Number of protein chains: 2
Amino acid sequence: MHTYRGYYTSAMNLADTSDGDLTQRLKRRGWRLSAQRRVVAEVLQGEHVHLTAEDVFARAHVRLAEISQATVYNTLRELVAMGEVRVVTPPDGVKRYDPNVLVDHHHLMCMRCQLLKDVHPDGESGVTLANSERFGFDVWGFDIIFKGVCPSCKGRST
Amino acid sequence: MHTYRGYYTSAMNLADTSDGDLTQRLKRRGWRLSAQRRVVAEVLQGEHVHLTAEDVFARAHVRLAEISQATVYNTLRELVAMGEVRVVTPPDGVKRYDPNVLVDHHHLMCMRCQLLKDVHPDGESGVTLANSERFGFDVWGFDIIFKGVCPSCKGRST
DNA sequence: TTATCTGCAAAGGCTTTGCAGGTCG
DNA sequence: CGACCTGCAAAGCCTTTGCAGATAA
């Protein structure tokens with residue numbers, strides 16, 4: 001297991017589901033809330049699409065010029081380790097960070113520009129794996145990624 | 001669009017569905033079949049789990065000591081560009097290569113050791129996205145990744 | 001106060017690329 | 001023969017880390 005730079009233990013691994021406000025939840029956990037961490041949390045919450053670390057840094061930097069990339073990366077990694085943020089990795093291998101861990105959902109991605117959005121598909125609850133298809137695994141969930149082309153990309157040539 | 005090192009045009013983008021043998025299909029496409037490329041294709045076909053580029057290189061190197069990592073990476077990228085191999089990117093961001101493009105299927109992954117297997121879920125065909133959930137995208141498909149823990153990892157502590 | 005966090009810059013893992021030489025068809 | 005492919009080594013991206021100074025509680 002990774003050390004997550006030593007700041008967290010795996011005991012802190014269950015997201016509190018009583019409140020939709022990430023910053024509040026972090027405070028309630030007793031997370032040391034520096035200006036940098038608050039800004040990262042705010043940026044994540046303020047978006048309806050899912051951002052890369054670079055995106056988060058860019059937006060955070062506007063609000064707090066002194067923030068560093070390392071801190072953004074470290075903070076995101078810790079939020080994921082705590083279970084307060086979910087990571088989605090598209091085929092390009094660049095991680096996106098999804099702050100919405102309170103409501104079950106899946107994703108829709110533009111295969112052209114990599115835009116990633118939340119969706120709530122129909123029929124999703126009927127998806128199961130037969131025992132013969134489980135190969136002895138303990139299966140605890142699944143993610144669906146819908147693939148398509150977004151409105152702005154439809155017009156473009158490449 | 002990427003250039004795929006210039007060897008392929010986007011016109012060569014549809015996988016031939018008439019034969020399960022990758023090497024045969026490549027030959028039929030008129031792909032210049034060097035020893036290196038043949039070995040990469042063979043390694044992919046011979047596995048029932050999906051390998052990383054590093055795995056492919058290791059196995060290929062056993063069969064053909066002179067093969068280089070660069071060639072493995074380039075060959076894999078080209079196979080993907082041709083549509084003869086599919087890429088799956090787990091949360092760790094390390095790409096896995098799936099030679100089975102002829103039969104629709106989804107994946108089951110061990111979240112501990114990252115082992116990736118093919119599966120054919122029940123109810124999968126009922127999954128759809130309502131128009132209100134499409135946000136103007138043209139949606140052409142979806143991937144499902146089942147998450148779990150494999151038999152060998154169940155016994156371990158970490 | 002002091003354990004924890006931050007910024008910087010360097011390092012690390014995976015993948016791509018420039019180029020000179022070799023090879024398939 | 002000639003277009004295409006390979007290996008090597010260097011470079012590129014994204015992400016992590018060591019460390020000294022700063023800071024929340």
Side-chain angles (χ1 to χ4, degrees), chain A residues 1-9 12 23 26-41 51-58 60-61 63-82 85 87-97 114, chain B residues 1-9 12 23 26-41 51-58 60-61 63-82 85 87-97 114:
Chain A
M1 182 104 185
H2 302 272
T3 59
Y4 300 115
R5 212 167 177 167
Y7 305 154
Y8 295 94
T9 67
M12 308 176 77
T23 313
L26 295 174
K27 198 169 292 177
R28 210 175 307 131
R29 270 174 187 277
W31 208 46
R32 187 160 155 181
L33 210 43
S34 63
Q36 290 86 339
R37 289 176 166 190
R38 185 166 26 249
V39 166
V40 168
L51 306 176
T52 63
E54 188 184 353
D55 295 333
V56 172
F57 174 69
H61 188 261
R63 298 182 180 217
L64 180 70
E66 307 77 35
I67 199 170
S68 71
Q69 289 212 54
T71 295
V72 169
Y73 274 107
N74 290 332
T75 302
L76 289 172
R77 187 158 26 76
E78 291 164 29
L79 288 169
V80 171
M82 288 189 291
V85 165
V87 83
V88 183
T89 310
D92 69 359
V94 180
K95 295 173 182 165
R96 320 276 156 153
Y97 297 88
Q114 311 285 133
Chain B
M1 182 105 186
H2 302 272
T3 57
Y4 301 115
R5 212 166 178 168
Y7 305 155
Y8 295 94
T9 67
M12 310 177 76
T23 313
L26 296 174
K27 197 169 295 177
R28 210 174 306 131
R29 269 175 188 276
W31 209 45
R32 189 160 155 180
L33 210 43
S34 64
Q36 289 88 336
R37 288 175 166 189
R38 185 166 27 249
V39 166
V40 169
L51 306 175
T52 63
E54 189 183 353
D55 295 333
V56 172
F57 173 68
H61 188 261
R63 298 183 180 217
L64 180 69
E66 307 76 34
I67 198 170
S68 70
Q69 290 212 54
T71 296
V72 169
Y73 275 106
N74 290 332
T75 302
L76 290 171
R77 188 158 27 75
E78 290 164 30
L79 287 169
V80 171
M82 287 189 290
V85 164
V87 164
V88 184
T89 309
D92 68 358
V94 180
K95 295 172 183 166
R96 319 278 155 151
Y97 297 88
Q114 311 286 134

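In the text below, chain A, chain B and the rest are named by the order of the sequence lines, each starting its count at 1. Treat the numbers as computed from the prediction; the structure is a model and nothing was measured.
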Least distance between heavy atoms, B:Y97 atom then B:T52 atom
CD1-C, 4.4 Å
For B:I67 and C:dG22, give me the distance from atom CD1 to atom C1', rounded to whole Å.
15 Å
Of the candidate nucleotides C:dT16, D:dC5, C:dT6, which contains the atom at the shortest distance from the side chain of B:Y73?
C:dT16
What is the distance, to the nearest angstrom, from the CE atom on B:M82 to the P atom on D:dC5?
10 Å
Locate the shortest heavy-atom distance separating A:G93 from B:T89; write the atom from each residue and the value.
CA-CG2, 3.9 Å
Closer than 4.0 Å, any side-chain N/O of A:S68 to the OP1 or OP2 of C:dC8?
no
When you get a sec, tell me which of D:dC8, D:dT6, D:dT15 is the closest nucleotide to the side chain of B:T75?
D:dT6
Whole-Å distance separating the CZ atom of B:R38 from the C1' atom of D:dC5:
13 Å
Give the nucleotide from the list D:dT17, D:dC4, D:dG7 with an atom nearest to the side chain of B:R32.
D:dC4
OP1 or OP2 of D:dG7 sitting under 4.0 Å from any side-chain N/O of B:Q36?
yes
Consider the side chain of B:R37, meaning its heavy atoms from C-beta on, and name the nucleotide among D:dT17, D:dC5, D:dT16 that approaches it most closely.
D:dC5
Measure CD/A:Q69 against C1'/D:dC14 and give the value in whole Å, please.
9 Å
Which is more 5' along DNA chain C, the nucleotide nearest A:T71 or the one nearest B:E54? Just name the residue.
A:T71
Taking it one step at a time, do B:Q36 and B:V39 satisfy side chain to side chain contact (heavy atoms under 4.5 Å, CB included)?
CA-CA 5 Å; B:Q36 289 88 336; B:V39 166; 6.0 Å; no
Starting at atom CG of B:L79, determine the distance to atom P of C:dT16, rounded to an integer number of angstrom.
13 Å
To the nearest angstrom, the CG-C1' distance between B:N74 and D:dT6 comes to 9 Å
Does the pair B:I67 and B:V40 meet the rule for a side chain to side chain contact (heavy atoms under 4.5 Å, CB included), with working shown?
CA-CA 9 Å; B:I67 198 170; B:V40 169; 4.0 Å; yes
Considering only heavy side-chain atoms of B:V94, the closest of D:dT6, C:dT15, D:dT15 is C:dT15
